[in-house]
Amino acid sequence: MERTYIMVKPDGVQRGLVGEIVKRFEQKGFKLAALRLMTPTEEHLKQHYKDLAEKPFFPGLIKYMTSGPVVGMVWVGKGAVTTGRKMLGATNPADSAPGTIRGDFCIEVGMNICHGSDTVENAEAEIALWFPEGVATYEKSEDAWLYEKRN
C-alpha cells in the first residue's frame with residue numbers, strides 16, 4: 001500500500017471544500033491516516049516547495065499559501081499517489097477534466113485548491129515534513145471489499 005500527502009490550500013479551506021475533498025478520497029476507498037488544520041510558516045512552505053524556489057511565481061505562491069490555514073492529509077491505498085493526482089486534476093484547472101476536484105471547483109492556476117504528492121518518494125518526504133510525529137495505522141474492515149486477495 002502507498003501513502004500520499006494531499007493538502008487543501010487556503011482557497012479550498014476558505015470556500016468550505018475540505019469535506020467534499022475528504023468525501024471523494026473516502027468514496028474512492030482510500031484510508032485516512034492523518035488530518036490536521038494548520039497555518040504553515042513561510043519557512044515551512046519554502047521547505048515544501050523548495051523545488052520551485054527559482055521559479056518567478058515562487059514569491060506569490062508563498063504569499064498565497066500563508067494567506068490562511070491549510071488542511072494536510074495522509075491517504076493510504078493501492079496506487080494512492082497516481083490515483084490521488086488524477087482525482088485532483090491537472091495543476092492548471094483549465095486543463096482539468098470535469099469530475100476532478102480542480103475541474104469541478106476552480107478556475108485559476110494560482111488558486112488551484114489542493115496539492116498532491118507527485119511520486120511515492122516525494123509523498124514520503126512530504127508526510128515526514130508535515131507529520132513528523134507520524135500517522136495512524138489501522139486495519140479498515142472494508143479493505144476486503146476493495147482489494148483482491150492474491151495467492
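Of the possible polar contacts, one joining the Glu2 side chain to the Ala80 backbone as a donor-acceptor pair under 3.5 Å is found. Between the Thr82 side chain and the Gly79 main chain, no donor and acceptor come within less than 3.5 Å of each other. When atom types are taken as modelled, the side chain of Lys31 and the backbone of Tyr138 share a donor-acceptor pair closer than 3.5 angstrom. The main-chain N or O of Ala90 is found under 3.5 Å from a side-chain atom of Ser96 such that the two form a donor-acceptor pair. Proximity of a side-chain donor or acceptor of Arg3 to a complementary backbone N or O of Val74 within less than 3.5 Å is not detected. Side-chain atoms of Asp104 come within 3.5 Å of backbone N or O of Gly99 as a donor-acceptor pair.
Once rounded to the nearest 0.5 Å, the distance linking NE2 of His44 with CD1 of Ile62 reads 11.0 Å. Taken from CG in Asn92 to CD in Glu108, the straight-line distance is 9.0 Å, to the nearest 0.5 Å. Here Thr83 contributes atom OG1 and Phe25 contributes atom CZ; the two are 9.0 Å apart, rounded to the nearest 0.5 Å. The distance from the CE atom of Met1 to the NZ atom of Lys140 is 10.5 Å, given to the nearest 0.5 Å. A distance of 9.0 Å separates OG in Ser117 from CE in Met7, rounded to the nearest 0.5 Å. Rounding to the nearest 0.5 angstrom, the gap separating the OG1 atom in Thr41 from the CD atom in Gln47 is 10.5 Å.
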Apply the test side-chain contact (heavy atoms from CB on, under 4.5 Å) to residues Arg36 and Phe131: give CA-CA distance (whole Å), side-chain angles for both, the deciding distance (0.1 Å), then the verdict.
CA-CA 9 Å; Arg36 180 184 304 132; Phe131 293 95; 3.7 Å; yes
Does the side-chain contact (heavy atoms from CB on, under 4.5 Å) test come out yes or no for Met65 and Tyr49, once each step is laid out?
CA-CA 10 Å; Met65 290 299 297; Tyr49 288 115; 3.9 Å; yes
Test side-chain contact (heavy atoms from CB on, under 4.5 Å) on Leu52 and Lys55; report intermediate values, then the result.
CA-CA 5 Å; Leu52 302 175; Lys55 301 285 186 183; 4.3 Å; yes
Output, in order, the C-alpha distance, side-chain angles, deciding distance and verdict of side-chain contact (heavy atoms from CB on, under 4.5 Å) for Phe58 and Lys63.
CA-CA 9 Å; Phe58 188 72; Lys63 183 177 180 186; over 6 Å; no
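Met38 has its side chain within reach of Val70: a pair of non-hydrogen atoms, C-beta onward, lies under 4.5 Å apart. The closest side-chain heavy-atom distance from Gln14 to Pro69 is below 4.5 Å. Looking at Ile6 and His115, their side chains never come closer than 4.5 Å, going by heavy atoms from C-beta outward. In this structure, Ile127 and Val135 have side chains that are in contact, with non-hydrogen atoms separated by less than 4.5 Å. A heavy-atom distance below 4.5 Å is not found between the side chains of Glu20 and Val22.
No path of Ile, Leu, Val, Met, Phe, Trp and Tyr side chains, each step under 4.5 Å between heavy atoms, connects Met111 with Val13, placing them in separate hydrophobic clusters. Following chains of ILVMFWY side-chain contacts shorter than 4.5 Å, one cannot reach Met87 starting from Val120, and the two form parts of different hydrophobic clusters. Both Leu32 and Leu37 are members of a single hydrophobic cluster when ILVMFWY side chains are connected at heavy-atom separations under 4.5 Å. Tracing side-chain contacts under 4.5 Å through hydrophobic residues (I, L, V, M, F, W, Y), one reaches Leu35 starting from Phe30; they form part of the same cluster. Linking Ile, Leu, Val, Met, Phe, Trp and Tyr residues whenever their side-chain heavy atoms come within less than 4.5 Å leaves Val8 and Val109 in two separate clusters.
Taking both residues in full, the closest heavy atoms of Cys114 and Ile101 are given as SG-CG2, 4.0 Å, listed atom of the first, atom of the second, then distance. When all heavy atoms are compared, the tightest approach of Val81 to Ala123 is CG2-CB, 4.0 Å.
By the side chain to side chain donor-acceptor pair (under 3.5 Å) test, Lys46 is found to be paired with Glu42, residues two or more places apart in sequence or in another chain being considered. A search for ring-ring contact (aromatic ring centres under 6.0 Å, His included) contacts involving Phe105 returns nothing, not counting sequence neighbours. For Cys106, the side-chain contact (heavy atoms from CB on, under 4.5 Å) partners two or more places apart in sequence, or in a different chain, are Arg15, Pro93, Arg102, Asn112, Ile113.
Counting heavy-atom neighbours within 6.0 Å of Glu148 CD, excluding the residue itself, gives a total of 12 or less.
Using a 30° and 60° split on the angle between ring planes, Trp130 and Tyr5 fall in the parallel class, below 30°.
A cation-pi contact, defined as under 6.0 Å to the ring centre and within 45° of the axis, is absent between Lys78 and Tyr147.
Between Tyr64 and Asp11, the side chains place a donor N or O and an acceptor N or O closer than 3.5 Å (distance only, hydrogens not considered).
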